[in-house]
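Note sheet for the following structure.
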Amino acid sequence: MEYSFRQIEKKWQEHWKKTNAYKVSNDSTKPKCYVLDMFPYPSGAGLHVGHPLGYIASDIYSRFRRLKGFNVLHPMGYDAFGLPAEQYAIEHGVHPAVSTEQNIATFRRQLDNIGFSFDWDREVRTSDPKYYKWTQWIFLQLFRSFFNRHTGKAEPISGLVATFEKEGNSSHICPGNPTLKFSAGEWSAFDKKRKEDILMDYRLTYCGFGEVNWCEALGTVLANDEVVNGVSERGGFPVVKKKLRQWYLRITEYADRLLEGLEKVEFSDSMKEMQTNWIGKSHGAEMDFKVKSEKGIVKNLRVYTTRPDTIFGVDFMVIAPELEIVEDLKSAEHGPAVDAYLEYVKSRSERERMAEKKISGVFTGAYALNPFSGREIPIWTSEYVLAGYGTGAIMAVPCGDERDHKFAEHFGIPITNIIGSHYNGSEANSTKDAILEHSDFLNGMPMRKAMDVVVDKIEADGTGKRKVNYKMRDAAFSRQRYWGEPIPVKWQDGVAEPLADGDLPLELPFVESYRPGPEGEGPLSNIPEWVARELETNTMPGYAGSSWYFLRYMDPHNETAFCDRKASDYWGQVDLYIGGTEHAVGHLLYSRMWTKVLFDLGHIGHDEPYRKLVNQGMIQGSSRFVYRITGTNTFVSKGLAQADETYEGQKLDKLHVDVNIVDGYELDITAFRAWRPDYNTAEFILEDDKYLCGSEVEKMSKSKFNTVNPDHIVDRYGADTFRMYEMFLGPVELSKPWDTKGIEGVHRFLKKMWRLFVDEQKGSIVTNDAPTPEELKVLHRAVRKIEEDTERFSFNTGVSSFMICVNELTDLKCHKKAILEQVLILITPYAPHISEELWQLVGNSGSILDAAFPVFEEKYVKESSKTYPVAINGKTRAEINIALDATQQQVEEIVLADVAIAKWLEGKSPKKVIYVKNKMINLVV
RNA sequence: ACCCGGGUGGUGGAACAGGUAGACACGCAGGACUUAAAAUCCUGUUCGCCGAAAAAGCGAGUACGGGUUCGAUUCCCGUCCCGGGUACCA
């Protein structure tokens, strides 16, 4: 009887399905545990070996908690709206709903292959109207709410209207228009449109205008990563900025709550740091500088600075090129240069601007006046200042800021040193600890103190004020696309009217063409009846559906609520959330905000969605390349190609080759010729009779031919081997390129475990003999280690521990049921199929899924002595076995009596003997 | 450019609170079983030096350069390289 994994795995997968083994109830006396994977986008390429890494980890943890007596919710679903399906539709004419359905079917079949414990009755799809009905409903909840800064939470906007009627907006600063002020009387006198416009500036989802990447040639708006070097990735057409009406999520109002919430959750420090930096809260001041310009139109220039103390070190000002006042500031002399520069900046994406190392900018010809000294400061414009942050204008202090310093050096702007010896003349120093010099009334004052002194002074004379600033901006919440949730709003006389809850879902209509409408509007604007109904033509972005899906899993079929309060109270927070760091500041912040809003409005009972977050690393692809002599069909082996990609003076084309027809680095020439018709007649120049490929680590993607389909691995080695191998590769948090070499070892291990139970000829060899102390020690060491490792998500060392355990039991020739049965329970989260099969084989009737996890007992593993490394000055020179309860004095005596140690001491006596119990001994000579 | 990770044998990785660097595997080399192969098992495997070999020993060694410490893969400072994110990919 050999280990026939194909048959075993099929058998148990069918059995689990038949018995509803993974069905989860909302009604249980057991403690709950909610384990969640980040939503996959069902891409057309299907599942590759990188996807399941996190799913296997969460599946192991789920099964482990179930064995520990928890009611475990472990669902799966699909983030099914998105750009790729729409792009595919444009190119192939297949409706996104159809291709998405197919992709999901593929994903599901592939997932089923791996033996996950998902409760598929709870599957959700964001593109299903039954689901997005509630995405739209939450959108309307946001629309009908504002953030009350006094209570610090979302409240119905109807309450705000009541306040306006009584007292105007004096107690509620308008977040969308901070200078807006009106009385109760004025409010009543406003017409409907005016009132609605004002309310829009308070709502948590609101309409405004924003810049998009507009590509005239493609007639569409492009995502940032579809723009490369200022042109479209597809076709290479010019891309410019265009202002369009957009919906936004007023997430900035939640900035402080999102920061505070981080203290209550278990995310890695780096994750918290990324979110904190993204929110970017800073304390500083807004300051007005009087302006001297030729045209004389601009009176003041307002800057935001976090360092008001450096006011006397300001040597120039920089304003963002897109600020309209640039037009009014430029002088006749500098006008042409400014215009040319603005033209250049227009073609630059924000990312390119930030990543640019080359310094660029132009002087506008205007000056700002230092409010204290009256000194004239030249005003420049440069792409390194972005319009969206602060006021879009900065006061540049070269001696204290690296970027400003480089700019000043590049353009030869004289640098004022206000920090004395802290500035070395060649590098900025951003210290806050210097004593100020060349700073008028601040001279001799420590910088930290000067900050307050300056702000007090400008607040007193009205030229500025303290200001808290956030780097985070409100999130754009509309897309000029088809394949997304329709926004449930009608436009009547320029006023956005929300649909009634009863009219939801607002279903996505069928379209003939996925082409965008005129002037970059979404494809929905091409549908006459949609436009006739005055419906919004933008759709929601990809992150809408994923901002709340974890709630829907709790109560997926509810038709009267997004999630019953009883269900969300029972399941509460996600106890373990596994996903990649690429979602650090997008999805994670949005879903945290939505959760807070739903909490504030009383729909759920917790305001942080995820209690603990574990980041899984990315499985990268290891690409392979062949080298073709340009213009021929002859391929040169890697080792023969020159470093500059030439061969005997001829140029070579470096081409991706399917990794599945390469063994290590050696190309399967027959398979290569069969791969594509144009390679049928390929010729090869070999080295050592082999064709060797080049390699590079890249993101796993279909276009790079480096994807590996888990189906192939499962077919060859089985799901249990695949699961354990993915874990064995290394820590889940780490990224690593996929490589199948090594999988044999894991497969061998499972066969070795199998042989503890079964002999090929004799069948079962399990006995009912009583275990020896040695066997119990092996078992309990494994229990302790595996429980610890699983608990702290160290699955790779967990797999090693199983190997050690099985190796030792094999050495002991242990075939005892009392031991082996316990090992099976330990391993069932990792390898559920084989353990279920052997569980049955040793004579159990029920499923191993609900067995009780073994309880570790110290008494079986207790040792009385330890072999200590004995070092002299930190170098290990001997090993001595000493009782664990030995005292310092006993240890010293034993060590000094040792021959090897005596040799090294050369008769000297040690200055000090360091003895760390159960660790080591070190002699200092 | 900025923010966050990572860098340990030929390879994946281990070392959990600063305490024997290289667990467990892969690969490779040698051997056993076999007509042969597969499967399985056994031995060795960081590098260098010493040595016919084995044993034993010595020295170096965790990207690089410094520092703290009796002791650093682990903590601190600086540098290089690779990956993720930077707001419309998901």
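Since the structure is predicted, the reported quantities are computational estimates derived from the model, not experimental observations. Just so we're on the same page: letters track the sequence lines, and every chain starts at 1.
Using a 4.0 Å cut-off, no side-chain N or O of A:Arg748 falls inside it from OP1 or OP2 of B:A39. Between A:Arg479 and the phosphate of B:C88, there is a side-chain N or O to OP1/OP2 separation shorter than 4.0 Å. Listed pair A:Arg755 / B:C41 meets the phosphate criterion, a side-chain N or O lying under 4.0 Å from OP1 or OP2. OP1 or OP2 of B:A25 has at least one side-chain nitrogen or oxygen of A:Asn807 nearer than 4.0 Å. Phosphate contact (OP1/OP2 of B:C89, side-chain N/O of A:Asn224, threshold under 4.0 Å): absent.
Figure legend. B:A56 is base-paired to no nucleotide; pairs are counted as Watson-Crick or G-U wobble with both atom distances under 3.5 Å. A 3.5 Å limit on both hydrogen-bonding distances identifies B:A1 as the Watson-Crick or G-U partner of B:U86. Pairing of B:A29, defined by two Watson-Crick or G-U wobble distances under 3.5 Å, is identified with B:U43. Under the Watson-Crick or G-U wobble criterion, with both distances below 3.5 Å, B:G12 is paired with B:C24. Under the Watson-Crick or G-U wobble criterion, with both distances below 3.5 Å, B:C80 is paired with B:G7.
Classified by its glycosidic torsion, B:G67 falls in the anti category, the angle being over 90° from 0.
Rounded to an integer number of Å, the gap from CZ of A:Phe795 to P of B:A14 is 14 Å. Look at CG on A:Asp401: it is 15 Å from P on B:A1, rounded to the nearest Å. Look at CZ on A:Phe749: it is 18 Å from P on B:A23, rounded to the nearest Å. Going from atom NZ of A:Lys471 over to atom P of B:U86 covers 14 Å, rounded to whole Å. If you take CE of A:Met274 and C1' of B:A87, they are 15 Å apart, rounded to a whole angstrom. If you take CD1 of A:Ile882 and P of B:G19, they are 19 Å apart, rounded to a whole angstrom. Distance CH2 (A:Trp214) to P (B:C88): 17 Å, rounded to an integer number of Å. Distance A:Leu258 CG to B:A87 P: 19 Å, rounded to the nearest Å.
A:His583 places no side-chain N or O within donor-acceptor distance of the main-chain N or O of A:Gly580, the cut-off being under 3.5 Å. Between the A:Glu86 side chain and the A:Trp483 main chain, a donor and an acceptor come within less than 3.5 Å of each other.
For B:G44 and B:G9, the C1' atoms lie 15 Å apart once the distance is rounded to whole Å. Atom C1' of B:A1 sits at a distance of 49 Å from the matching atom of B:C49, rounded to the whole Å. A distance of about 36 Å separates the C1' atoms of B:A56 and B:A17, rounded to the whole Å. One P atom belongs to B:U62, the other to B:A21, and the distance between them is 12 Å to the nearest Å. Rounded to whole Å, the separation between the C1' atoms of B:G22 and B:U8 comes to 8 Å. Comparing B:U20 with B:A32, their C1' atoms sit 34 Å apart, to the nearest whole Å. Separation of the C1' atoms belonging to B:U11 and B:G27 is 7 Å when rounded to the nearest angstrom. Nucleotides B:A23 and B:C16 place their C1' atoms 14 Å apart, quoted to the nearest Å.
Contact annotation for A:Trp904: backbone-only contact, meaning every heavy-atom pair under 4.0 Å involves sugar-phosphate atoms and none involves a base. Residue contacts shown for A:Glu582 include a base, since a base heavy atom lies under 4.0 Å away. Across all strands shown, A:Asp79 has heavy atoms under 4.0 Å from sugar-phosphate atoms exclusively, and none from any base. Nucleic acid contact class of A:Glu226 (heavy atoms, under 4.0 Å, all strands): none. Contacts of A:Gly82 with the nucleic acid, taken as non-hydrogen atoms under 4.0 Å apart, involve only primed sugar atoms and P, OP1 or OP2.
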Take A:Gln246 and A:Gln480, measure what side chain to side chain donor-acceptor pair (under 3.5 Å) needs, and give me the verdict at the end. CA-CA 9 Å; A:Gln246 300 283 357; A:Gln480 292 69 50; 3.2 Å; yes

Side chain to side chain donor-acceptor pair (under 3.5 Å) between A:Asp474 and A:Thr252, worked out: CA-CA 6 Å; A:Asp474 280 340; A:Thr252 47; 2.6 Å; yes

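Between A:Phe39 and A:His587, the gap from one ring centroid to the other reaches at least 6.0 Å.
Within 6.0 Å of CZ on A:Arg716 lie no more than 12 heavy atoms contributed by other residues, nucleotides or ligands.
In the interface, the side chain of A:Asn277 is not paired with the base of B:C3 through any donor and acceptor atom under 3.5 Å apart.
Between A:Arg403 and A:Ile804, the one whose closest nucleotide on RNA chain B sits nearer the 5' end is A:Arg403. Comparing A:Lys903 and A:Arg481, the nucleotide of RNA chain B nearest to each residue sits closer to the 5' end for A:Lys903.
No donor-acceptor contact under 3.5 angstrom links the side chains of A:Tyr78 and A:Thr100, judged on distance only.
The existence of a salt bridge linking A:Glu322 and A:Arg353 is confirmed by a sub-4.0 Å separation between a basic side-chain nitrogen and an acidic carboxylate oxygen.
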